[in-house]
Amino acid sequence: MVGPLKPSRVAVLGSTGSIGRQTLDVIRAHPDRFQVVGLAAGKNTEALARQVAEFRPAMVCCADGDALRAHLEALPGSIKPPERVSLSAMAAAPEADIVVSAIVGAEGLQPTLAALSAGKPVALANKEAMVMAGHLVSAAAAKGGGEVRPVDSEHSAIWQCLAGHDRAAVRRLIITASGGALRDLAPDELQAVTPARALEHPTWLMGRRITIDSATLFNKGLEVIEAHWLFGIPFERIDVLMHRESIVHSLVEMNDGSLMAQLSMPDMRLPIQYALTYPERLSLDLPRLDLARLGSLTFAEADMERYPCLGLALAAGRQGGTAPAALAAADEEAVEAFLDERLPFVDIPRLLADTLERHTPVAVPCLEEVLEADAAARRFARRWIASRK
């Protein structure tokens, strides 16, 4: 007789961000299936304290341990602060069965490598890990026995479509894009776009940076690079297709002409849960897709002139080496400056173009060279932004 399943022990890196919060929603929905053993966050120690009080993890990682302790003391009840560890230590800890890597930006790379090197499955929501160092992530998984389970809805869709199929039978991958919050504005209207306007995504609820990257379509370029590494498909066989409704999350065309797609309502809890439970599919209390009520789905080619950041990201991917790491770092700085109203929206692609032009890539970089490319691009971007004042 088979007894009850042992709960899967989960470490959530980036627990106070959008993906982290939705991961905890999934865990709340299945308390018998998951146990939170680690929570990591940045400066939002107040939200982290509430999560610690609810889930009682054994480990925590945050920027300010004193602030976290003060917030815990202010909550009702006696809550003992968990052991404070580094991101990489949490990711590699034997107490964790699976790691959710949801930290935005370059900071998520090293803990992702640590988890894979320790043989753990990683539910990967951090695009930059694959974009910056796809070869290192792949090598860490192969050597350590870890497994990358994509959380991005586009890559999760491809992963689901490819289940049971030989990669040699794949003709091309098609990644869909909604067009973001500014898709209906005329080009001359982009000059005066405010952060508040650019954050009004029409179909998805996401974090601030990824919402801006969706408005520029830079995120789709990163997703093409990530798909190249995740699925071993050459860049020339990965396309971007505009799809306003965000219902078809990606498609896979096979050599015989068959086209497979994964469709669902736009909600990140679905790919998060699938990454946590793979290959099992648990029930999920989400609105169901009603195709008859929806009526129609629309598709169009991506306008590379309207979305120059997409072309720049694709160029960096084809260039390879440290070019994607440098461009992703410059984009982080550009988006932060735009959100802080220190940089106009239309200057984001200009900064990225200048960064890519000046960068001399290292073809097959080690981790230190990847991190140096990231740091150098940030220094350049900060000087570039400051010069525009």
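Here, residue 1 is the first one in the sequence, and each next residue gets the next number.
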- Item | Criterion side chain to side chain contact (heavy atoms under 4.5 Å, CB included) on L263 and L297, from CA distance to verdict | CA-CA 11 Å; L263 289 73; L297 299 173; 4.2 Å; yes
Without swapping roles, check the side chain of [X] against the backbone of [Y] for a donor-acceptor pair under 3.5 Å.
{"X": "S214", "Y": "I210", "value": "no"}
{"X": "D239", "Y": "L173", "value": "no"}
{"X": "E332", "Y": "A106", "value": "yes"}
{"X": "E147", "Y": "P121", "value": "no"}
{"X": "E372", "Y": "E368", "value": "no"}
{"X": "E333", "Y": "A330", "value": "no"}
{"X": "D166", "Y": "A168", "value": "yes"}
{"X": "T322", "Y": "A325", "value": "no"}
{"X": "N126", "Y": "I103", "value": "yes"}

Does some side-chain heavy atom of [Y] sit less than 4.5 Å from a side-chain heavy atom of [X]?
{"X": "V60", "Y": "P81", "result": "no"}
{"X": "L124", "Y": "V151", "result": "no"}
{"X": "L48", "Y": "N44", "result": "no"}
{"X": "I225", "Y": "M130", "result": "no"}
{"X": "H359", "Y": "Q319", "result": "no"}
{"X": "M265", "Y": "I247", "result": "yes"}
{"X": "Y307", "Y": "M242", "result": "yes"}
{"X": "V252", "Y": "L259", "result": "no"}

Under a 4.0 Å threshold between the charged nitrogen and the carboxylate oxygen, would [Y] count as salt-bridged to [X]?
{"X": "R197", "Y": "E189", "value": "no"}
{"X": "E73", "Y": "R69", "value": "no"}
{"X": "E253", "Y": "R171", "value": "yes"}
{"X": "E95", "Y": "K120", "value": "no"}
{"X": "R358", "Y": "D354", "value": "no"}

Does atom [atom1] of [X] have more than 12 heavy-atom neighbours from other groups under 6.0 Å away?
{"X": "E107", "atom1": "CD", "value": "no"}
{"X": "D32", "atom1": "CG", "value": "yes"}
{"X": "E236", "atom1": "CD", "value": "yes"}
{"X": "E305", "atom1": "CD", "value": "no"}

Quick one about [Y] and [X] (side-chain donor to acceptor, distance below 3.5 Å, no hydrogens or angles considered), yes or no?
{"X": "H30", "Y": "Q273", "result": "yes"}
{"X": "S156", "Y": "H249", "result": "no"}
{"X": "E245", "Y": "T203", "result": "no"}

List the atom of [X], the atom of [Y], and the distance in Å for their closest heavy-atom pair.
{"X": "S101", "Y": "G108", "answer": "OG-O, 4.0 Å"}
{"X": "A63", "Y": "R84", "answer": "O-NH2, 3.5 Å"}
{"X": "F338", "Y": "V193", "answer": "CE1-O, 3.7 Å"}
{"X": "V100", "Y": "V10", "answer": "CG2-CG1, 3.9 Å"}
{"X": "A261", "Y": "V248", "answer": "CB-CG1, 3.9 Å"}
{"X": "V170", "Y": "R237", "answer": "O-NH2, 2.6 Å"}

- Item | S178 and its side chain to side chain donor-acceptor pair (under 3.5 Å) partner, picked from R244, R183, H201 |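 One option only clears the test, and that one is H201.
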Once you round to the nearest 0.5 Å, how far does [atom1] of [X] lie from [atom2] of [Y]?
{"X": "L314", "Y": "C309", "atom1": "CG", "atom2": "SG", "result": "11.0 Å"}
{"X": "I212", "Y": "D331", "atom1": "CD1", "atom2": "CG", "result": "10.0 Å"}
{"X": "I385", "Y": "R378", "atom1": "CD1", "atom2": "CZ", "result": "10.5 Å"}
{"X": "M268", "Y": "L286", "atom1": "CE", "atom2": "CG", "result": "11.5 Å"}
{"X": "L109", "Y": "L367", "atom1": "CG", "atom2": "CG", "result": "6.0 Å"}
{"X": "S250", "Y": "L241", "atom1": "OG", "atom2": "CG", "result": "10.0 Å"}

- Query: Residues in side-chain contact (heavy atoms from CB on, under 4.5 Å) with D290, at least two apart?
  - Reply: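 For D290 the side-chain contact (heavy atoms from CB on, under 4.5 Å) partners, ignoring immediate neighbours, are A292, R293.
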- Message: Suppose we screen for side-chain contact (heavy atoms from CB on, under 4.5 Å). Which residues come up paired with Q35, at least two apart in sequence or across chains?
- Response: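 Q35 satisfies side-chain contact (heavy atoms from CB on, under 4.5 Å) with P7, R9, V37 only.
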- Decide salt bridge (Lys or Arg N to Asp or Glu O under 4.0 Å) for R21 and D25; before the verdict, give the C-alpha distance in whole Å, the side-chain angles of both, and the deciding distance to 0.1 Å. CA-CA 6 Å; R21 295 194 307 271; D25 284 343; over 6 Å; no
- Task: Take D374 and V370, measure what side chain to side chain contact (heavy atoms under 4.5 Å, CB included) needs, and give me the verdict at the end.
- Result: CA-CA 6 Å; D374 175 276; V370 169; 5.7 Å; no
- Task: Give me the ring orientation class for Y278 and W159: parallel if the planes are under 30° apart, tilted from 30 to 60°, perpendicular past 60°.
- Result: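 Because their plane-to-plane angle lies in the 30° to 60° range, the rings of Y278 and W159 count as tilted.
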- Query: Parallel under 30°, tilted from 30 to 60°, perpendicular over 60°: which one fits the rings of W229 and H135?
  - Reply: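 Tilted.
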- Message: Quick one, R56 with I79, criterion side chain to side chain contact (heavy atoms under 4.5 Å, CB included). Give me CA distance, side-chain angles, the key distance, then yes/no.
- Response: CA-CA 8 Å; R56 304 298 174 101; I79 305 168; 3.9 Å; yes
- For R306 and E301, what are the C-alpha separation, side-chain angles and deciding distance, and is it a salt bridge (Lys or Arg N to Asp or Glu O under 4.0 Å)? CA-CA 12 Å; R306 182 179 178 86; E301 291 186 359; over 6 Å; no
- Item | Worked verdict on L352 versus T216 for side chain to side chain contact (heavy atoms under 4.5 Å, CB included) | CA-CA 11 Å; L352 298 191; T216 65; over 6 Å; no
- Is it the case that one hydrophobic cluster holds both V364 and M132, taking links as side-chain heavy atoms less than 4.5 Å apart, direct or via other members?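 Different hydrophobic clusters.
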- Message: Grouping I, L, V, M, F, W and Y whenever their side-chain heavy atoms are under 4.5 Å apart, do M260 and L289 come out in a common cluster?
- Response: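 Different clusters: M260 never reaches L289 through Ile, Leu, Val, Met, Phe, Trp or Tyr contacts under 4.5 Å.
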- ILVMFWY clustering at 4.5 Å (side-chain atoms), partners of V104: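 In the cluster with V104 there is nothing else; it is isolated.
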